[in-house]
Protein chains: 2
Amino acid sequence: MTETPDRPSGPFPAAVTVDLVILTVRAEALHVLLIERGKPPYLGLPALPGGYVRPHEDLDAAAIRELREETGLDGHTLHLEQLHGYGAPDRDPRGRTVTTAYLALGPDMPAPVAGTDAGAARWTPVNDALAAGFGLAFDHGGILTDGVERARTKLEYTTVATSFCTEPFTLSELRSVYEVVWGLPLDPSNFRRKVTRTAGFVEPTGERRATDPGRPAALYRRGDARELVPPLLRSSSDVHRPATAPPAHP
Amino acid sequence: MTETPDRPSGPFPAAVTVDLVILTVRAEALHVLLIERGKPPYLGLPALPGGYVRPHEDLDAAAIRELREETGLDGHTLHLEQLHGYGAPDRDPRGRTVTTAYLALGPDMPAPVAGTDAGAARWTPVNDALAAGFGLAFDHGGILTDGVERARTKLEYTTVATSFCTEPFTLSELRSVYEVVWGLPLDPSNFRRKVTRTAGFVEPTGERRATDPGRPAALYRRGDARELVPPLLRSSSDVHRPATAPPAHP
DNA sequence: TCAAAAGTGTTTCTCATACACCCATGT
DNA sequence: ACATGGGTGTATGAGAAACACTTTTGA
């Protein structure tokens, strides 16, 4: 912190909050948990869940607490990481407020607990929430954009994609996570190879699960590895190119 | 922000600061800019430069301002990015203080301006500053560790390494940045190929610079590219293996 | 027995590694 | 001329992309 004494700057009171970008994959689309504001400002508008940090609480602890309060889920079973700090002077009309945004990634979750908070929590497709005119409260549109971008890049070089899956899961389910978050189709067999060849990415359980039609799929659990080397690049790599016109001669 | 009304939590006043991890490469080692604290707490101990955010100032603006005040350098010519927020309740004995740390990377800089601040600023080798018993003020040891780690990984998949070089620079100088930050020797010819084949990483100026003995090196400027795909991995790739004992027969 | 999904094998090609070798300059 | 660093060329091998093919189930 290191203050700079004897100059026009000095400590002034600000409110400290945490906000949560909670993402999950459901119905083949990336969803974010939004609540409806129950009081001004931005009354009735959708917003990210969050709240004030308590006087004797660390930022991470506040994020875990808010996560449980809003979703009923244990912050230790989800992936939770600090995203970014936001402190524009006018971001809250009530007064100077600095927020630390957190990114949470989890499997398709039970219907969100009707928050002790005013408005009920709702899963919203990210594409809808980011559409122009949707109107998130405060600067939450920008925060959501940053969170989604972080999630996309983190899939490349970490194993967090498994956080979106309920254990045990199949490799098709894991691949679907990548396809939904990146918005790209991947080649199933090459994806399988990369995942199973990376030590600690997934661990087979030995069990299988029947699918409606088709061969039962082997089940896996999350492995110990967190970093992914080499990374699973989404650009120019592993993309199953759609059926384009084949070259001239048959 | 989204307060949670009618519950034991609510806004309480906290001080808001920014701290800077300013790194540079000089004398074949990574250095960090530290100031000496001129007043309690932690009087006389080294600390990261930083200060209070002003009442009508954004976090980024505060970081740029502090950077100029402490180094005399323009925040727009250096690489500057938000690092992480730190808000442990007891991190400052004077009261609740939440800080947002920023990471700045720049070329070997002019001797730091004797800060308007109390203690003079000093370049310190990162290895010394992180050694047990060096004793940085507050939680600045942890912040510095996080900053160095961020710098190491960012060299892999972005072009920020060029921020450490004074333009124009040679490819040997750029390679030296990687070697110093990663602590690994790299193969000069393969490094050259990767850098020059990545569009927008560096742009040749057409000029050359004489070296003491040896062929003059071509000079380059930073390119437009910020992301580096494919990344320049530091693990198991491009490492020039040191002279180990050769196989049995000569 | 057919459709659908899981899973394996294989060819082709790209790119990184390792290292030999040539170039340009100061002493 | 020779030592020193800059810079180019290339043989080898690992791994990715593309896709044909086999396996296992439900209807």
Side-chain angles (χ1 to χ4, degrees), chain A residues 28 156-157 168-176 178-179 182 184-199 201-202 204-220 228-247 250, chain B residues 28 156-157 165 168-176 178-179 184-199 201-202 204-220 228-244 246-247:
Chain A
E28 304 290 284
E156 288 188 317
Y157 56 92
F169 52 86
T170 69
L171 292 188
S172 294
E173 289 167 351
L174 183 60
R175 176 167 48 85
S176 171
Y178 278 90
E179 293 177 330
W182 286 351
L184 294 172
L186 299 181
D187 182 292
S189 59
N190 293 333
F191 179 83
R192 155 183 303 280
R193 226 190 315 271
K194 282 190 186 174
V195 170
T196 55
R197 296 244 170 124
T198 302
F201 196 165
V202 297
T205 66
E207 307 286 305
R208 309 186 146 266
R209 176 195 297 163
T211 53
D212 290 334
R215 176 174 173 174
L219 293 172
Y220 295 83
L228 204 50
V229 287
L232 204 60
L233 298 176
R234 74 179 187 274
S235 46
S236 86
S237 154
D238 214 3
V239 177
H240 191 72
R241 76 181 144 63
T244 53
Chain B
E28 303 290 282
E156 288 188 317
Y157 57 91
C165 297
F169 53 86
T170 69
L171 293 188
S172 294
E173 289 167 351
L174 183 60
R175 175 166 48 85
S176 172
Y178 279 90
E179 293 177 330
L184 294 172
L186 300 181
D187 183 293
S189 59
N190 293 332
F191 178 82
R192 154 182 304 278
R193 223 190 318 272
K194 283 190 187 174
V195 170
T196 55
R197 296 246 169 122
T198 302
F201 196 165
V202 297
T205 66
E207 307 285 305
R208 308 184 146 267
R209 176 194 295 163
T211 54
D212 290 334
R215 175 175 174 173
L219 293 172
Y220 296 84
L228 204 50
V229 287
L232 205 59
L233 298 176
R234 73 177 188 274
S235 45
S236 85
S237 151
D238 214 3
V239 177
H240 189 74
R241 72 181 144 65
T244 52

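Keep in mind that this is a model prediction, so the values were computed, not measured. The analysis underlying the following values was restricted to heavy atoms, covering all of them including side chains, and did not include hydrogens, waters or symmetry mates. Order of the sequence lines sets the chain letters (A, B, ...), proteins ahead of strands, with each chain counted from 1.
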Can you tell me how far CZ of Phe169(A) sits from CZ of Arg209(A), rounded to the nearest 0.5 angstrom? 10.0 Å

If I compare all heavy atoms of Val195(A) with all of Phe201(A), which pair ends up nearest, and what's the gap? O-CB, 3.7 Å

Can you figure out which of dG6(D), dA6(C), dA16(C) approaches the side chain of Pro230(B) most closely? dA16(C)

Can you sort out the partners of Arg208(B) under salt bridge (charged side-chain N to carboxylate O under 4.0 Å, His left out), two or more places apart, ordered by chain and number? none

Contact between Leu232(B) and Thr198(B) at the side-chain level, heavy atoms closer than 4.5 Å - yes or no? no

Distances under 3.5 Å between nitrogen or oxygen atoms of protein and nucleotides 10-13 of chain C:
{"from": "dT10(C)", "atom 1": "O4", "to": "Arg193(A)", "atom 2": "NH2", "distance (Å)": "3.4"}

In whole angstroms, the gap separating C1' of dG7(D) from CG of Asp187(B) amounts to 12 Å

Treating Ser176(A) as the side-chain partner and Ser172(A) as the backbone partner, does any N or O pair qualify as donor plus acceptor under 3.5 Å? no

Atom-to-atom span, CG of Leu186(B) to P of dG5(D) - whole angstrom: 17 Å

Could you write out each protein N or O paired with an N or O of nucleotides 23-26 of chain C at a distance under 3.5 Å?
{"from": "dC23(C)", "atom 1": "O4'", "to": "Arg215(B)", "atom 2": "NH1", "distance (Å)": "3.3"}
{"from": "dC23(C)", "atom 1": "O2", "to": "Arg215(B)", "atom 2": "NH1", "distance (Å)": "3.4"}
{"from": "dA24(C)", "atom 1": "N3", "to": "Arg215(B)", "atom 2": "N", "distance (Å)": "3.3"}
{"from": "dT25(C)", "atom 1": "O2", "to": "Gly214(B)", "atom 2": "N", "distance (Å)": "3.2"}
{"from": "dG26(C)", "atom 1": "O4'", "to": "Asp212(B)", "atom 2": "O", "distance (Å)": "2.8"}

Quick one: Phe191(A) CZ to dA18(D) P, roughly how many Å, whole number? 16 Å

Protein-nucleotide distance (Arg197(A), atom CZ; dT8(C), atom C1'), rounded to Å: 11 Å

For dA18(D), does either OP1 or OP2 sit under 4.0 Å from a side-chain N or O belonging to Ser189(A)? no

Whole-Å distance between dT17(C) C1' and Arg192(B) CZ? 17 Å

So does Lys194(B) get a side-chain nitrogen or oxygen closer than 4.0 Å to the phosphate oxygens (OP1/OP2) of dC15(C)? no

Atom-pair distance (CD on Glu156(A); P on dA16(D)), nearest Å: 15 Å

In sequence, state the C-alpha distance, the side-chain angles, and the governing distance for Trp182(A) and Glu156(A), and then conclude on side-chain contact (heavy atoms from CB on, under 4.5 Å). CA-CA 10 Å; Trp182(A) 286 351; Glu156(A) 288 188 317; 3.4 Å; yes

Round to a whole Å and report the spacing from CD of Glu179(B) to C1' of dG5(D). 13 Å

Should Leu233(B) and Pro231(A) count as side-chain neighbours, where that means a heavy-atom distance under 4.5 Å? yes

Shortest non-hydrogen pair, Leu171(A) vs Phe191(A), comes out as O-CE2, 3.8 Å

Please give, in whole Å, the distance from dC15(C) P to Leu232(B) CG? 15 Å

Got Thr170(A) and Thr211(A) here, is their nearest side-chain heavy-atom distance under 4.5 Å? no

